[in-house]
2 protein chains.
Amino acid sequence: MNDRKQHVIEMAHQLFIDKGFQATSIQDILDYSGISKGTFYNYFSSKNELLIALFKLIYKKMEKNRNELLIGQNPSNIDIFIKQIELQLKTNRTNKLISLFEEVFFSNDPELKQFIKQGQLRTLRWLFQRFTDIFDDSKKPYLLDCAIMFMGILQQNLKYHELAHGSNHSVHQVVRYSVERIVRMVDEVAKSGDQLVQPELLENLLPDCRNTDQAFQQELYHTVLVLKKALNHREAQTKYMELLEFIQDELLHSKNPRKFLIESALLSFKTGQAAFAKKDVQKLDQLVESFFHQIEELG
Amino acid sequence: MNDRKQHVIEMAHQLFIDKGFQATSIQDILDYSGISKGTFYNYFSSKNELLIALFKLIYKKMEKNRNELLIGQNPSNIDIFIKQIELQLKTNRTNKLISLFEEVFFSNDPELKQFIKQGQLRTLRWLFQRFTDIFDDSKKPYLLDCAIMFMGILQQNLKYHELAHGSNHSVHQVVRYSVERIVRMVDEVAKSGDQLVQPELLENLLPDCRNTDQAFQQELYHTVLVLKKALNHREAQTKYMELLEFIQDELLHSKNPRKFLIESALLSFKTGQAAFAKKDVQKLDQLVESFFHQIEELG
DNA sequence: CAGTATTTATACTGTTGGTATAATATAATG
DNA sequence: CATTATATTATACCAACAGTATAAATACTG
């Protein structure tokens, strides 16, 4: 991404935060970022395109931060989950994301609408995956319902808690309360056996975009977490843990991931005698393969 | 309200349903309803003002329908509550209310924003009151929280259930499911004693507009319900029930409510030996008084 | 009928998002 | 260095928009 283009996005973001999306004219953006109209339309085909570019930036950052909180942690630890939620709410707030989202969701630009819908589905998928980390496998058929309801509960509680206590209200308390509610609800709903939406919905709605950057990251994180979870206490501190973290780090944060190192690490998993589920190891293998396939394709 | 003006509102509403609020230009409205620009700006000072007038119309109709479902029914019967919710969702849908709401909530018109906020608070207040009808008094401190969360749960469930099953999805199932969840949650949250927002919030935020029509209706309904609830089984079919329904009907649906009849009916309550709480009877008395005060003031 | 209020047609202002273009600056290439 | 793409600028332009202004026409009312 062009430096200058990035700069324009940032300046526009500032304006959006200050006065809202609709109320910010293109002329405002031109003045504030010091470019000419021609350049603007060279970068973005419309104001909506600029907004999409902005959303993409923020998404990327948020998912990165959110995932980093999990590294080396027990994924079923609910306190980590709470921290992740709080982090997202914080970036939401500083970026005025909610306002921007909703201000624009009912615009008549179908492309923009579709983009935002996808974004919401992605956060829902993330929530669902985290719930499967946190809750027992037997609860799984109900966890998508619970993820959906959790979004609603949290949203509303935040809204009215802020209304009651002003902008200096305690986000932490709201998150804790909402999580507490959903934890009880998971038990209750599983006991009653009542299901509203099948978890398969997600797979149908979110096209399999394994090769896009963000989806890949998410899948990788999740697969590594599942494998970590399979480690028993004795093994937890051993080489497997380290190997997993090495693979993850090398894939995500190294400029030139060393294929041979990662493949050798994978070999340890395939031949080792730790109690890994075969399919999880295969999943990781497949992810690594598709990763390098993509790298080589681009080069 | 002027006939012609009403007609313009209806035509505009149709256009909003067809192509959205933002996408409907004033010129569209002029053409479609066959009036001139001058007339339009004679009726409404802006497009937003027209929208507010439209909302007011729909609100009024919805609250009327919703309340009529309760007449002569046991207010703690949760099936009636479910029917009320379904009715509202139906009018929401035919009027494309949700879209209109959210399309406009983040507009930069503070007046419009405030109006919609008020509307949401009013439905929240209604929900809270209905919850106090349905649930035990001991749960009351938690019922505002539950009403807030119920709104979120219902909203999200509807959204994703529709996404999963297309527009021919069963609203009834979603409402039933959501109500089931909130019923359990009321128990759970009361047991844990965890409170997020105090019910007093409503009184602080909704200015005391006892003399406005809608607020009066709501209060009247509620007070009558409380009194009905206080009737035990033996008394339920007796004159008290009939008296209450007479008073309510006479106040709300008669063109010339007969003050002497109502006051005599009230006397029966004050002097009767049924187990009414004194304050409830007083509330009713006060409502009747303010009602006639307003009538005579206008005449 | 007279007088008032409402409605209409029309022209106008200022702003918006977006297009078009010719001139200029910057970078890449032989 | 000279030539050639490419990026950027300044500026003019367009159609659509919300809203204002006004003079003429119409309807209503006492």
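Chain letters run A, B, ... following the sequence lines, proteins first and then strands; every chain starts at 1.
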Short side-chain N/O contact from Ser36(B) to OP1 or OP2 of dT7(C), under 4.0 Å: no
Between CD on residue Gln118(A) and OG1 on residue Thr123(A), distance to nearest 0.5 Å: 11.5 Å
Heavy-atom check, side chain of Gln6(A) versus side chain of Glu10(A), under 4.5 Å: yes
Distance, nearest 0.5 Å, that separates CZ of Arg130(A) from CH2 of Trp126(A): 6.0 Å
Short side-chain N/O contact to dT26(C) OP1/OP2 from Arg4(A), under 4.0 Å: no
Rounded distance in Å - CG (Asn42(B)) to P (dT20(D)): 13 Å
Distance, rounded to the nearest Å, where Lys19(A) contributes NZ and dT15(C) contributes P: 13 Å
Sugar-phosphate, base or nothing in reach of Phe44(A), heavy atoms under 4.0 Å: nothing
Whole angstrom value for the distance that separates P of dC28(D) from CG of Asp3(B): 12 Å
Nearest-angstrom distance from the residue atom OH of Tyr43(B) to C1' of dA18(D): 20 Å
Plane angle bin for His161(B) and His169(B) - parallel if under 30°, tilted between 30 and 60°, otherwise perpendicular: tilted
B/S/- contact track for nucleotides 16-24 of chain C, protein heavy atom under 4.0 Å: SSBB-----
Atom pair CG (Leu15(A)) and NZ (Lys19(A)), whose distance is rounded to the nearest 0.5 Å: 6.5 Å
Sub-4.5 Å side-chain heavy-atom contact between Ile116(B) and Phe55(B): yes
